[in-house]
Colleague: 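After the C-alpha cells below, expect a handful of questions from me.
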Amino acid sequence: MLTMIDGGSPYGIAAGPDGALWFTLVHEGRIGRMSPGQEPVIHQLDPADGQPSVIAPGADGAMWFTEGKGGRVRRITADGEVTSYEADSPYGIAAGPDGAMWFTQMGSGRIGRIGPGGERAEFEVPVEGGMPAFITAGPDDALWFTINQGNAIGRVSLTGQVTVHPLPTEGAAPVGITLGPDGALWFVEIGAGQVGRIDVSGKITEYPLPDRAARPHAIITGPDGALWFTEWAADRLGRITTDGAIEEHPLPPLPVELGKEGKAEPHGLTIGPDGAIWVALEAGALSRLG
C-alpha cells in the first residue's frame, strides 16, 4: 500500500510515542507526522536548508532528528515545536539507555551526546576519515554504530570509551545498524551488498545478498523476529532470519513522474503503530507492508 506525500521526499521514518509515524522530508526542510489511515501533517522547518535525515524517538516523548547540511540536531514535539542544537554534520541518532540522545558526526568523526538537561559531550572515533553513520542502542549499556568509510563497527560506552571492530570485507561501507532479536547487532553493507552481524564479543558474520549491487541502506528488527532492510538501488525490501536465510520483496511501482524512471529510492523503515513495516520512499511516498 502506498501513501503519497505531496510535501516532499521522505528519507528517515520512525514510530513516535504518540502513536504516529514521523518522517523527514530531506530536500524540502520539513518533518511529517501521520497516523495510519489519516492525512499527514507537514511541519515546515525554519531554516529549511538543513536536509533533515534520520529521525528517532527520544526518552522525553519528543522526536529527534539530524540535519547534516545545516549542522543541527533538532527536537520536535507532537504539536510541532522545534528546539535546535548545533552539531557538526550529524547523521544517525538514537536514544541511549541513559535517557540521552546519541548521534554520529560524519565530518568530524565523533559521537555526540545531548543529555536530558541539554548538556553536551563529544567522543572521538579513532579512525581517520571514518565517517560514522547510523547508531543504535545495544544490549550492553552502550551504543553501537557503523563507520562507513572506516569499514568497521564501533561501540561507545556511556562514559565515552570507543572500541572499533574492523570488518572482514574490504569496501563494505556499512550504513544501517540495529539491535537484533538475538541480542547481536545487525548491519548492512551498502558497498559490498551484504548483511552483517556482530555480537557483543566482537565476532562478525557476513551474509552476501543474492544481488550484491542492491545497495542495502537501513535495517530494523521486524515484528516477525527477523531483520528487514531496504535495498536502495533495487527498489526492494530484504528480510533475513537470525540463521541467515534471505528473502527479497519488491516494492509497489510508483508513477514514473514521481521518480527517476519510476524508481522508489527506499531509505528508512520502521515498525508502525499498526504493527506493519513502513518504508520511506524518497521519490515521494510511504509504503506499507503487512
Side-chain angles (χ1 to χ4, degrees), residues 11-17 22 24 31 45 50-77 81-150 152-165 174-179 185-187 198 200 202 218-220 268 270:
Y11 185 91
I13 187 169
W22 288 79
T24 59
I31 300 295
L45 299 172
Q51 293 188 350
S53 298
V54 181
I55 189 166
D60 57 355
M63 300 299 290
W64 292 71
F65 60 96
T66 55
E67 291 186 337
K69 184 179 178 182
R72 294 179 289 265
V73 170
R74 304 181 98 171
R75 174 187 185 271
I76 185 168
T77 64
E81 182 181 352
V82 176
T83 307
S84 298
Y85 301 85
E86 290 186 7
D88 176 27
S89 56
Y91 183 67
I93 189 165
D98 55 352
M101 296 306 294
W102 292 73
F103 56 95
T104 60
Q105 298 183 95
M106 297 186 79
S108 61
R110 297 188 180 99
I111 303 299
R113 178 188 183 275
I114 301 175
E119 61 274 20
R120 305 290 302 275
E122 290 187 345
F123 308 103
E124 193 80 27
V125 177
V127 179
E128 187 175 355
M131 293 180 64
F134 275 85
I135 189 168
T136 193
D140 54 350
D141 281 340
L143 285 297
W144 291 73
F145 55 96
T146 52
I147 307 175
N148 179 259
Q149 292 300 296
I153 303 299
R155 176 190 184 273
V156 59
S157 71
L158 298 184
T159 57
Q161 181 179 359
V162 175
T163 307
V164 174
H165 301 277
V175 187
I177 189 169
T178 193
L179 176 61
L185 287 305
W186 288 75
F187 55 94
I198 182 170
V200 293
I219 186 169
I220 62 167
T270 193

Colleague: Check step by step if side chain to side chain contact (heavy atoms under 4.5 Å, CB included) holds for V162 and R155.
Modeller: CA-CA 6 Å; V162 175; R155 176 190 184 273; over 6 Å; no

Colleague: Report yes or no: does S53 contribute a side-chain atom to a donor-acceptor pair with the main-chain N or O of Q51 at less than 3.5 Å?
Modeller: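 It does hold such a pair.
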
Colleague: Kindly write out the residues that satisfy salt bridge (Lys or Arg N to Asp or Glu O under 4.0 Å) with R72, not counting sequence neighbours, or none if the list is empty.
Modeller: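 R72: salt bridge (Lys or Arg N to Asp or Glu O under 4.0 Å) contacts with D49, E67.
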
Colleague: If only atom types and distance count, is the side chain of T270 paired as donor or acceptor with the main-chain N or O of A14 below 3.5 Å?
Modeller: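 Between the backbone of A14 and the side chain of T270 there is no qualifying donor-acceptor contact (under 3.5 Å).
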
Colleague: Give the minimum heavy-atom separation between M63 and P17, together with the two atoms involved.
Modeller: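 Answer, listing the atom of M63 first, then P17: SD-CD, 3.9 Å.
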
Colleague: So, taking the atom named NE2 in H165 and the one named CD1 in I147, what distance separates them when rounded to the nearest 0.5 Å?
Modeller: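 So the NE2 of H165 and the CD1 of I147 are separated by 9.0 Å.
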
Colleague: Please confirm whether the backbone N or O of P174 pairs with a side-chain atom of N148, one donor and one acceptor, at under 3.5 Å?
Modeller: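 Yes, because the side chain of N148 sits within donor-acceptor range (under 3.5 Å) of the backbone of P174.
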
Colleague: Donor-acceptor check, side chain of Q149 to backbone of M131, threshold 3.5 angstrom: yes or no?
Modeller: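 Not a single qualifying donor-acceptor pair exists.
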
Colleague: A side-chain contact here means heavy atoms from C-beta on lying under 4.5 Å apart; do E122 and I111 qualify?
Modeller: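 No, every pair of side-chain atoms sits at 4.5 Å or beyond.
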
Colleague: Please find the pair of heavy atoms, one from S108 and one from D88, that lie closest to each other, and give the distance.
Modeller: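 Heavy atoms only, the tightest pair is CB-OD2, 2.8 Å.
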
Colleague: Could you report the tightest heavy-atom contact between P139 and L185, atom names first, then the distance?
Modeller: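 Minimum heavy-atom separation between P139 and L185: CD-CD2, 4.0 Å.
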
Colleague: Among W22, Y85, W102, F103, which residue meets the ring-ring contact (aromatic ring centres under 6.0 Å, His included) test with W64?
Modeller: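 It is Y85, the one option of W22, Y85, W102, F103 that forms the ring-ring contact (aromatic ring centres under 6.0 Å, His included) with W64.
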
Colleague: Measuring only between side-chain heavy atoms, which start at C-beta, is T136 closer than 4.5 Å to L143?
Modeller: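 Counting from C-beta outward, T136 and L143 never come under 4.5 Å.
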
Colleague: Do E119 and R113 come close enough that some side-chain heavy atom pair is under 4.5 Å?
Modeller: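 E119 vs R113: side chains touch.
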
Colleague: Could you tell me whether a side-chain N or O of T83 sits under 3.5 Å from a main-chain N or O of R75, the two making a donor and an acceptor?
Modeller: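 Flag not set: sc T83 to bb R75 has no pair under 3.5 Å.
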
Colleague: Measure from the side-chain N and O atoms of T66 to the backbone N and O of G92, and report whether any donor-acceptor pair falls under 3.5 Å.
Modeller: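 Not a single qualifying donor-acceptor pair exists.
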
Colleague: Check this for me: E86, atom CD, are more than 12 non-hydrogen atoms of other residues, nucleotides or ligands nearer than 6.0 Å?
Modeller: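 12 or below, so no.
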
Colleague: Over all heavy atoms of both residues, which pair between I177 and I219 is shortest? Give the atoms and the distance, please.
Modeller: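 What the structure gives for the nearest pair is N-CG2, 3.7 Å.
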
Colleague: Determine the minimum heavy-atom distance between G268 and A218, stating which atoms define it.
Modeller: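 The answer is CA-CB, 4.1 Å.
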
Colleague: Taking the side chain as every heavy atom from C-beta outward, state whether W144 and V200 have any pair of such atoms under 4.5 Å apart.
Modeller: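 In contact.
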
Colleague: Starting at OH of Y91, measure out to CD1 of I135 and round the result to the nearest 0.5 Å.
Modeller: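 Y91 OH to I135 CD1: 13.0 Å, rounded to 0.5 Å.
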
Colleague: Working to the nearest 0.5 Å, report the span between CG of L158 and CG of D140.
Modeller: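 The CG atom of D140 is 9.0 Å from CG of L158, to the nearest 0.5 Å.
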
Colleague: Could you pull out the closest heavy-atom pair between A137 and A95, with the gap in Å?
Modeller: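 Looking at all heavy atoms of both residues, the shortest contact is CB-O, 3.7 Å.
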
